[in-house]
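Structure, as structure tokens:
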Amino acid sequence: MSCISVRSAWTAAAWGMLLLPALPLLAQDPAPPQEASQPADQDAADKPTEPETTLQLADRLRLTGRYAEAIKHYDQATGAAAAIGKSRALWETGEWTAAAETLKKLPPESADLPEVAAEQARQAFDQGDYPAARQAVERALKANPQQLWARWVQAELYRVSGQADAADKEYAWFLEYSRQARRMENPEDLHAVALAAAQVARWRRNSRLFSQLVNDYYPTALKKEANYWPAALESGRLFLEKYNETAALKEFDAALQINPNSAPAYAAKAQLALENYDLEAAQIALGQALQINPKLVAAMQSQADLHMLNFRTQEAIDVLKQALKTNPLDEATRGRLAAAYGALDGLSDPPSPRMAKVIAQAVEQNPECGQFYFHLAGALENQRRYPAAALYYAEAHQRLPRMIGPRGRLGLMYMRLGDEAQAGPLLTEAFAADPFNVRIKNTLAVLDLLQNYAVLETEHFILRFDRTHDELLARYAARYLEEDVYPDITAKLGYEPPEKSLFEIFSRSGRTTGHGWFSARMVGLPYVHTVGACAGKMVAIASPGDLPKPYNWAHVLKHEFTHVVNLQQTNFNIPHWFTEALAVLYENQPRPTAWLEVLAKRAADDDLFTLETINFGFARPKNGDDWTLAYCQAELYAEYMTATYGDDAPAKMLAAYAANQNTRQAILHCFKVEQEEFERGYRLFVNTELARFEPTSTTTLRDIPTLQKLLQENPDDAQATAEMAYAYLQRDEKPEARKLALAAQTLETNQPLAAYVLARIYLSIGDAAQAVKLLEAALQADPPQQNALALLAALRMKARHWAAAEQLYLRGQKSHPHPDRWLKALTALYLRSGEEEKLRGVLTSLAQIQGDSASVALKLAQLSAKRQEYEAARRWSQQAMQIDIQSAEAHALLAGALVGLEKYADAIEEFETALELDPERSDWRFALADACVQAGDKAKAKATLQALLKRDASYPGAEVLLESLEP
Ligand SMILES: [Zn+2]
């Protein structure tokens, strides 16, 4: 994504994050609807309290996460219920063998109870022992055909073994059951029904059911048993499924409030954190989950996801293999494993042998393995391997068309790949089935918006934009892309994308800003903190006119198109740092001083990125410095390899990535050196770069408490006294400031900062002469105090003593180097003194470091035009336009320069644009007529002059020129 970041101003609320609407309670429950905020144990409170039995106590301890105590109390109770409770407590803490033993040890009359068999079925299913699970289900259902958990496992067994139709019927049976059952008292029963209902909701596209689950089923379960935390957990999972993260987190926390040792609740929180790329929070939650239950497959899966996001694919594979020991058949584990192999071995067709093997196993186990492909695709999506992800989402959909997820995700993937025509119907369908999915909802809103966007198609590009806001920008952007960017970048990278690249420009519509739409376009959510982004085949940018701070759109277009080309040429196997390195390098701009400052600071702290860590700087910067440093260092890596291994070094690296090598292999292959040696050379290169850079000297003033302490220790410290005076002046406490400044001057004659404070006080009472006297005396010292110097210079300027002011600023520039402070001051000075040559000099320096300032470029264009330096005038006016395309002045200046260069046709077009933007400028209209005459277009010249005379009958020379054109 682009390196130009902006602070985004939207909020989640502005994006219409969905809250599930409340629907009436289920028919069988006559109780009136309860407010969600009401205490969950309302019912219990109304009942007369009976003494708690040992079993109830043990259950309560288990549900509140006091597992060891619970087990002790279960041991004191007898019967199947106690054994089941104990077994579950053991199960939830990863003691699987002991959990199974507990049930096995029951006497025969209890062992055959349907509840016991059902529990055994659940345990066997979670271990992937489907034959044992099936057998247990049969035993349970023989004794009680309505044993809910046995029925649930039976449905799940159908699902994972290629019998989706049978599974679907089974899930639906639960709804029928709940309609007939008068009232379900047991939260466990409600839980089983709710799980099945959620599957019906997904598979039969019944979104109303989702509402009922989170508004009715699960709250009811919690009402029946206040400690039944799984109800909160399941609610949260449903919210997370719909990307309603706020509601999800609330539910997960509610579950943990009841049971602080709930491993699955921690795992769910980790999953939520991963969605937000908050890897630290995810790692903490996973640590907690796995400490409580080392066998929790969901936690291991998230751990693998986390490793993958940390570019540690091998570690992900290790964890997934561990997870397969716990449950060898889990499709979500297998899908991730296939993706990890693909990421390591390369996403070839056919897949690598070990990836192919995992796929074959999954398909053999379950020909309808939509889940498997869905997770395979999801893991690849996380690796930004979009085309492959799209392929496997499509496969997931084909294998199990009932699944709700793949269609929407495939639609989102097509959006990223710029295929809006394919994305639209998929997303519409997904939304009808799943109206609470925020990402899909937002993306459909983007598609709606795009429907009304204009299209501009050129040989290699398609631009879509809002005609009312961005027509001019689109026209110039298209030309810039075709004429400058395309030939330049495709030649440098040695690759031309086979299809036209899509560029979309978003501007405000409704309550949403251009940046908000841009962000929704890229990720479906308002997260993206840049102004431009690329997903490989398409680019979106936020309209520059729609942002609080302007930016150079031409730089951004070139940057993003570099991504388009090198992502495609490597089949998306290019690490983040290298695609950014080339994108920044080919922008061909001087390195910003701010970048070098961060580089210097981090080098001094020995805290630079390496090739092992630099990707984190892009993917998950800890702060703004990380983000800046990553771009700066990436560009330096590219510069280093070019300087050391030749101009074709980047091309070689690209070829290596395209051949599916990783960075270490690529460096060895291309440059015949180990990565460590490459890094050592790079560090020396960075040091050379830093040696040429003189960091800004910053004298930071200390705060009042620090100064007070200093002065207590040493009351004769003149500098500290003066700083104290300055601090009081800043607080507008002049009498105290004056007292302290005088004291400082007594301690040190002409103390410069004290002189500055006193001068400011004199100025406030209108005594400029006294102020000047004080400052002059203070500035005898070397180096001069910055504030005093700047103040005296300003006073000189006010008195029109240009030379004196200039001398002071130049002195400042020499003694206190700063990227732009003195340049700006000198610009202001020369603008007022009218010294144009000097002005041109400082503005040229300023333009180098302020590539985003339209006014600087415009002024330079004016100065160049005045001196008839038309080539320079053209360059500067074009730069001004690249920041502010709506600047009529810039278009007129360009037109004038083009006339000077005898490019009349182009000049006419620019004059016309300028007049579109500002029709009142008669001088431009006259110049347009003149350009038409030069171009030999008499008819147009005449029409223009007639139009001019209509507006301004006495415009000098217009009449004469018109007459000269008459035959
Ligand atoms: Zn970028």
Side-chain angles (χ1 to χ4, degrees), residues 696-833 842 846:
T696 316
S697 59
T698 44
T699 44
T700 41
L701 298 172
R702 295 161 288 191
D703 60 12
I704 291 184
T706 314
L707 292 165
Q708 272 168 343
K709 209 168 149 238
L710 273 172
L711 287 170
Q712 256 167 23
E713 285 161 18
N714 180 11
D716 292 343
D717 187 336
Q719 174 65 24
T721 311
E723 280 183 40
M724 192 75 130
Y726 178 78
Y728 277 104
L729 181 71
Q730 292 297 84
R731 287 158 57 161
D732 207 25
E733 294 181 26
K734 291 203 185 87
E736 191 62 26
R738 183 171 180 274
K739 208 172 87 189
L740 284 159
L742 287 171
Q745 292 240 318
T746 313
L747 289 166
E748 181 191 331
T749 318
N750 295 331
Q751 207 293 333
L753 185 59
Y756 168 77
V757 171
L758 290 170
R760 288 263 309 265
I761 293 169
Y762 278 119
L763 284 173
S764 71
I765 55 168
D767 191 347
Q770 192 61 28
V772 168
K773 209 171 125 191
L774 275 164
L775 293 168
E776 275 180 336
L779 288 169
Q780 299 296 327
D782 216 47
Q785 206 281 333
Q786 285 195 67
N787 305 55
L789 185 129
L791 183 57
L792 183 59
L795 290 169
R796 295 292 190 217
M797 232 165 85
K798 202 171 168 203
R800 306 176 72 82
H801 292 160
W802 312 124
E806 180 189 34
Q807 204 197 357
L808 285 162
Y809 285 137
L810 292 173
R811 193 176 162 207
Q813 201 172 33
K814 214 171 138 196
S815 55
H816 300 287
H818 184 273
D820 59 11
R821 177 176 185 179
W822 308 110
L823 285 175
K824 281 183 177 163
L826 285 166
T827 302
L829 169 65
Y830 297 142
L831 271 171
R832 293 181 63 187
S833 71
V842 289
L846 207 52

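Values below: all heavy atoms of this structure, side chains included; hydrogens, waters and symmetry mates excluded.
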- prompt: What heavy-atom pair brings A777 and N750 nearest, and what distance separates the two atoms?
  reply: CB-OD1, 3.6 Å
field: Nearest atoms (heavy-atom pairs only) where L747 meets A718
entry: CB-CB, 3.8 Å
task: Please round to the nearest 0.5 Å and tell me the distance separating atom CG of L729 and atom CG of L740.
output: 11.0 Å
query: Hey, does the side chain of E723 reach the backbone of R702 with a donor-acceptor pair shorter than 3.5 angstrom?
result: yes
Residue pair H801, L795: steps toward the side-chain contact (heavy atoms from CB on, under 4.5 Å) verdict: CA-CA 9 Å; H801 292 160; L795 290 169; over 6 Å; no
field: Distance-only polar pair, side chains of Q786 and R821, donor-acceptor under 3.5 Å
entry: yes
Approximate separation, where rounding is to 0.5 Å, of W822 CH2 and T827 OG1: 13.0 Å
- request: Determine, step by step, whether W802 and R832 satisfy the side-chain contact (heavy atoms from CB on, under 4.5 Å) criterion, reporting the C-alpha distance in whole Å, the side-chain angles of both residues, the deciding distance to 0.1 Å, and the verdict.
  value: CA-CA 9 Å; W802 312 124; R832 293 181 63 187; 3.9 Å; yes
- prompt: Does the side-chain contact (heavy atoms from CB on, under 4.5 Å) test come out yes or no for V757 and R738, once each step is laid out?
  reply: CA-CA 7 Å; V757 171; R738 183 171 180 274; over 6 Å; no
task: Answer yes or no: is there a donor N or O on one side and an acceptor on the other, between the side chain of E748 and the main chain of Q751, under 3.5 Å?
output: no
Nearest-0.5 Å distance, OG1 of residue T721 to CG of residue L710: 9.5 Å
statement: dist D703:CG -> L707:CG (nearest 0.5 Å) comes out at 6.5 Å
- prompt: From N787 CG over to L753 CG, what is the distance, rounded to the nearest 0.5 angstrom?
  reply: 6.5 Å
message: The test is side-chain contact (heavy atoms from CB on, under 4.5 Å); show your working for L779 and R811 and say whether it passes.
response: CA-CA 11 Å; L779 288 169; R811 193 176 162 207; 4.0 Å; yes
E776 atom CD, neighbour heavy-atom count above 12 within 6.0 Å: yes
message: If you compare all heavy atoms of Q719 against all heavy atoms of D717, which two are closest, and at what distance to 0.1 Å?
response: N-OD1, 3.2 Å
message: Among L808, L758, L791, exactly one meets side chain to side chain contact (heavy atoms under 4.5 Å, CB included) together with L775. Which residue is that?
response: L791
Validation row: R796, L792 side chains within 4.5 angstrom (heavy atoms): yes
- prompt: So, E733 side chain and E736 main chain: donor-acceptor pair closer than 3.5 Å or not?
  reply: no
message: Ignoring hydrogens, what is the shortest heavy-atom contact between Y830 and E806? Give both atom names and the distance.
response: OH-OE2, 2.6 Å
statement: Residues A754 and A741: closest non-hydrogen pair is CB-O, 3.5 Å
query: A794 and Y809: which non-hydrogen atoms are nearest, and at how many Å?
result: N-OH, 4.0 Å
